[in-house]
Protein chains: 2
Amino acid sequence: MKGKNKPTSVDIAHLAGVSQPTVSRALRDSPLVSLETRKRVQRIARELNYKVDVNARNLRSQRTNTLALLLFEDSDEHEAFINPFFLSMLGSITRASAQHGYDLLISFQQLSDDWNAEYEDANKADGIIFLGYGDYPSYIERISKLDQEGAHFVTWGPVIKDQPGLFIGSDNELGGYLAADHLIRMNHTRIAFLGDQSNDYPEFRDRYAGYCRAHAEHGLEVDPRLRVNAFFSEECGYKAAHQLAMSGVEFTAISCASDLIAIGAIKALREHGLRVPRDKAIVGFDDIPTAEHLAPSLTTIQQDTFAAGQALVESVIRSINGEPAKSILLPTRLVVRDSSGAKVQIKQ
Amino acid sequence: MKGKNKPTSVDIAHLAGVSQPTVSRALRDSPLVSLETRKRVQRIARELNYKVDVNARNLRSQRTNTLALLLFEDSDEHEAFINPFFLSMLGSITRASAQHGYDLLISFQQLSDDWNAEYEDANKADGIIFLGYGDYPSYIERISKLDQEGAHFVTWGPVIKDQPGLFIGSDNELGGYLAADHLIRMNHTRIAFLGDQSNDYPEFRDRYAGYCRAHAEHGLEVDPRLRVNAFFSEECGYKAAHQLAMSGVEFTAISCASDLIAIGAIKALREHGLRVPRDKAIVGFDDIPTAEHLAPSLTTIQQDTFAAGQALVESVIRSINGEPAKSILLPTRLVVRDSSGAKVQIKQ
DNA sequence: TTGTAGGCGTTATCAA
DNA sequence: TTGATAACGCCTACAA
């Protein structure tokens, strides 16, 4: 039933001998309609292959039942490359929004765009989910504006006290702690950390904070020379590990701020004639699908993408409905594989 | 500017002292409006933070400027697991549709749904892109109906003569040929093939057909005992390779119908004490992101996801606009890595 | 070059 | 429980 003569609710009203609003109500299972009328209307609707026109409905009701997912890639790498961790998130967000009866509009975010204008103001979506942000300070600035405008949105990112807007994120401090703690328990005392510590990525800073706490708890000093900047990508990890190896600073293990960094680091170490885990132990962060297939398989900190997707979707919807919603910190957990030199699988 | 008092084109008309249609025209840069008027209108629109309400526009114009991407997962595996190859496709489709000025609605397809009713009839989207189909015969049946209804859609899948609808797909026969040819040139004569040959997955059949052609061209017999059924997943590959190893049929190499199958196969071989590529050479199909990070890195057939995304999007749009569109076969190419035992990198 | 009138297909409001 | 009427915000004639 496409094109020319699509049935409208008026057609149905005509055939069913009722008023048009009655049709609307019957199809929406509103209790304001008698069972008999409802059945008659529903039958005719089915026969005619009738579908509510969402544009008309949205126009009238000023609601779209649609969420927008804006993905921002920090890396300028390959045009086609998407952070695999985000891809996992995307899957769970898609499922969660379907579960809640929302359609999902997806788009790659341009930092230059006026997000709210593009989506909420244009009535394309009732709310926005942000996945990835350029650098935190300027993102916060933009968000504050959105917030004042009364926009409905959530961000996957660092959960920090008193930040504007709504954030869902992993407990990065805990993750960093678990990674370092694991290595320390394997008798490593010279553990490098690969990850940016500028204000741009608070999540990386938290991971390092956890690393420091683990050291403190075990009575170990933190050597600042063991920390090397690296952003998300494999290439950054490669460079950072190379730099570390060249620096002459002694180390026996590396805690990486992302799995991609770990992948790059392993590659760099290999080129320096260092084997993982024999010569150096490695722990990653994220648990991307590739992690378990790497050689050696990557010990890493797993983020709960399933819970994340659920929380993100439920939070925007809450916000849309004007219900109270607060930022959520999701637990992280250690997944032990081969790269850290541990043979023991931690269960669960 | 959210909620209560969003400006409408009428407001602007009022402020600018013109009629409402003039506002529409000015904002659309229609030549029917004087430069002065246009500027005045545009300024006011900007000041008020005005945005066209897409629902109103769509309702009026009966067009949504939106594409629906329906993803179907064949595997019943982990709820959260999505075929990594599809994820790559998703990325390129998202980019392509943005480039063409279309929004993208994404959803996981339920085989039970009435796709067209859900999207096109409801005026949520102008057209549909299908990624993945359950089994081919029943899919074709459904598609035929869609086609008769005059729906606008494309499918990523096998390009077969005289099939209804519009298909974009890789040259699977060529891919299968390249894989087998590569192995034969490495002096393998006993090459197994892991991949389903039922009517459900014509793509796998084509890959096997290419395998057979390569054998024929090199004057080799095809031993049917070397072919073992396997669907997409790692688990299937694992089982198939296990079965193969247990069968006692002699082989020195395996051509797998997907990279996931190859991953499972390598795992199985390893458990049988067989090393790749020392004992058995392996070639995959897809070139998923993980492929290059596997141990050993996976020689595989690359599908051009970038071109695929472009072609899919352009084809639906063509179809929507009533322009002629035909199915497209995209070239595949061999990517030589370690698992096939070749050290030589083929360039380009 | 600008304005007027009407309708796209719903849902909300109110009265019956 | 149902029905009449009026929006929702825009766009396309057509008239001025």
Side-chain angles (χ1 to χ4, degrees), chain A residues 1-42 44-45 48-66 117 120-124 126, chain B residues 1-42 44-45 48-66 117 120-124 126:
Chain A
M1 293 306 135
K2 173 63 198 161
K4 315 297 121 187
N5 35 20
K6 276 204 287 192
T8 72
S9 52
V10 171
D11 302 335
I12 296 177
H14 186 70
L15 286 172
V18 295
S19 74
Q20 187 277 328
T22 303
V23 172
S24 282
R25 290 173 198 141
L27 293 176
R28 241 177 319 126
D29 281 341
S30 153
L32 298 172
V33 126
S34 76
L35 184 64
E36 202 192 352
T37 311
R38 182 196 315 289
K39 280 198 171 165
R40 188 155 27 103
V41 167
Q42 289 179 333
I44 297 178
L48 293 189
N49 221 303
Y50 166 79
K51 271 286 142 186
V52 174
D53 182 313
V54 290
N55 291 305
R57 159 184 289 176
N58 294 347
L59 174 59
R60 183 61 241 237
S61 62
Q62 295 295 51
R63 243 173 164 277
T64 66
N65 248 275
T66 299
E120 213 175 327
D121 287 346
N123 270 322
K124 284 183 182 177
D126 297 330
Chain B
M1 291 305 137
K2 174 59 199 164
K4 317 295 119 188
N5 34 21
K6 276 205 283 194
T8 73
S9 52
V10 172
D11 300 335
I12 295 178
H14 186 69
L15 287 173
V18 296
S19 75
Q20 188 278 328
T22 303
V23 172
S24 281
R25 289 173 199 144
L27 292 177
R28 241 176 320 126
D29 282 340
S30 153
L32 298 172
V33 139
S34 76
L35 184 63
E36 201 192 353
T37 311
R38 182 196 314 289
K39 281 198 171 163
R40 188 155 26 104
V41 167
Q42 288 179 333
I44 296 178
L48 292 188
N49 221 302
Y50 167 79
K51 271 286 142 187
V52 175
D53 182 313
V54 290
N55 292 305
R57 159 182 289 174
N58 293 347
L59 174 58
R60 179 59 235 242
S61 61
Q62 294 296 45
R63 246 173 164 277
T64 67
N65 249 275
T66 300
E120 213 175 326
D121 287 345
N123 270 320
K124 283 183 183 176
D126 297 330

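Note that this is a predicted model, so its numbers are computed, not measured. Just so it is clear: chains get the letters A, B, ... in the order the sequence lines come, proteins before strands, and each one is counted from 1.
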To the nearest Å, give me how far apart CZ (A:Arg63) and P (C:dA12) are.
11 Å
Give one of base, sugar-phosphate or nothing for B:Ser61, where a contact means two heavy atoms less than 4.0 Å apart.
nothing
Testing C:dG9, D:dC11, C:dA12 for proximity to the side chain of B:Val52, the answer is D:dC11
Using a cut-off of 4.0 Å on non-hydrogen atoms, how would the nucleic acid contact of A:Val18 be classed: base, sugar-phosphate, or nothing?
sugar-phosphate
Any N or O donor-acceptor pair under 3.5 Å from the base of C:dA12 to the side chain of A:Arg60?
no
Length of the line joining B:Ile12:CD1 and D:dG9:P, which is rounded to integer Å:
13 Å
Whole angstrom value for the distance that separates P of C:dT11 from CG of A:Asn58:
10 Å
Testing C:dT10, D:dA4, C:dT1 for proximity to the side chain of A:Thr8, the answer is C:dT10
Just compare D:dC10, D:dC11, C:dT10 and give me whichever is closest to any side-chain atom of A:Tyr50.
C:dT10
To the nearest angstrom, the CG-C1' distance between B:Leu32 and D:dA16 comes to 15 Å
Quiz question: going by heavy-atom distance under 3.5 Å, is there a donor-acceptor pair between the base of D:dC11 and the side chain of B:Gln20?
yes
What's the closest nucleotide to the side chain of A:Val10 if the choices are D:dC11, C:dT10, C:dT4?
C:dT10
Given axes from five pairs at either end, by how many degrees does the helix from C:dT1-D:dA16 to C:dA16-D:dT1 bend, rounded to 10°?
30°
Please report, rounded to the nearest Å, how far the C1' atom of C:dG9 is from the NZ atom of B:Lys124.
16 Å
Give the rounded distance in Å between these two atoms: CD of B:Gln62 and P of D:dC11.
13 Å
Length of the line joining B:Arg57:CZ and C:dT10:P, which is rounded to integer Å
21 Å
Counting just side-chain N and O atoms, does B:Ser19 come under 4.0 Å of either OP1 or OP2 of C:dT4?
no
Look at the side chain of A:Arg25 and decide which nucleotide, out of C:dT2, D:dT2, D:dC10, has an atom nearest to it.
D:dT2
Start at the 5' end of DNA chain C and walk down; is the nucleotide closest to B:Thr22 or to B:Leu59 reached first?
B:Thr22
Kindly say if A:Ser9 contacts the phosphate of C:dT10, meaning a side-chain N or O under 4.0 Å from OP1 or OP2.
yes
Counting heavy atoms from C-beta on, name the nucleotide in D:dC11, C:dA12, C:dT2 closest to the side chain of B:Thr37.
C:dT2
Please state how far atom CG in B:Asn123 lies from atom P in C:dG9, giving the value in whole angstrom units.
9 Å
